[in-house]
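What follows is one structure encoded as structure tokens, with my remarks underneath.
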Amino acid sequence: MSTTESTTLTYDVFVNDPPPQDGVLPNGEPKLFSPMASTLIYGTADAVLTDPGMTTDQARALGDWVASKGRNLTDIFVTHGHGDHWFAAGLLAERFGARVVASAGTIAQMEGNAATRSLLWDKIYAGIPPSPVTAVTVPDNRLTLEAHELVIAEVGSTDSDDTTVLHVPDLELVVAGDVIYNGVHMYLAQPAMVGGFGPWRAAIDKVEALQPRHVVAGHQNKALDDDAARTIAETREYLDDAEELLRTENSAIDFFNAKIERYPDHLGRTVLWAGVQTLYGVRDHPEEDARRIVVSSWL
Ligand SMILES: [Zn+2]
């Protein structure tokens, strides 16, 4: 809650480049991960950073940007358990003497992602630093930044289980992690695990209910703005469209081709392809272990 004495908050977004990757997509183009966004929310002295990225190179680039803001970084907040959002947290926590914070559900997911590093992440990306889970919860899921409240809102299953967003009421801002996307293909594997798109849609409704003006998507095209109404509407539309294609397209490749035809300017086709292979893999082979399908969809 803002008081008359409190200083004004500001936020700024750094979009990191994807790490190098081998392999090609079905259409022949080189595989490349999606751009990854980190948000710095800051007052006159202190700052909070979200989703600190995955590799040592990304941590260096992000850290230099944070340092250039000249604030004391108190906390690093992680929106959900996927490694691309936090494997580099330790490097930044050490560089700035900051605490790593997440919800209890996200911390459990972080443990799971750390445990599957060698089977998945390290097979695709070099340069991921040691990633012990040091995140802690905060009372009532609330952080304070120079007398302003930052609220962790738990929104459930979206592109992974136990996802959260960070609501900054005094900025009318939601840092949305992977609940909302912005000009980037969405990772669609998780709806296969939870039997459909309903939970994700419910999470989008929860973000909308916070009445943000600005939404920072965890994966975004940096040429686009942070308009909440647009990004929320486009994320819903993308899911509606995915559900339709799942009915009309007979294979992962047909779905992939139809999606890139409908969204020619969207970034992140590698993540689209991984997610779509899981969607069809789980649908067509319900007898198989879904977690194995997830892993093989990336490799
Ligand atoms: Zn992500």
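In listed order, ligands and their atoms are each counted from 1. This structure is a prediction, so every number in the text was calculated from the model and none was measured.
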>> Please report whether the ring centroid of Tyr181 lies less than 6.0 Å from that of His266.
In response: no
> Any link between Phe255 and Trp200 through a network of hydrophobic side chains (Ile, Leu, Val, Met, Phe, Trp, Tyr) touching at under 4.5 Å?
Replying inline: yes
>> Measuring centre to centre across the rings, with the benzene-like ring taken for any Trp, is Phe87 within less than 6.0 Å of Tyr125?
In response: no
> Does the ring centre of Tyr187 sit less than 6.0 Å away from the ring centre of Trp298?
Replying inline: yes
>> With a 3.5 Å distance limit and no angle check, can you tell me whether Arg291 reaches the backbone of Asp289 through a side-chain donor-acceptor pair?
In response: no
> Ignoring waters, how many protein N/O/S atoms are under 2.8 Å from the Zn ion (ligand 1)?
Replying inline: 4
> Does a salt bridge link Glu146 with Arg71, judged by any charged N lying under 4.0 Å from a carboxylate O?
Replying inline: no
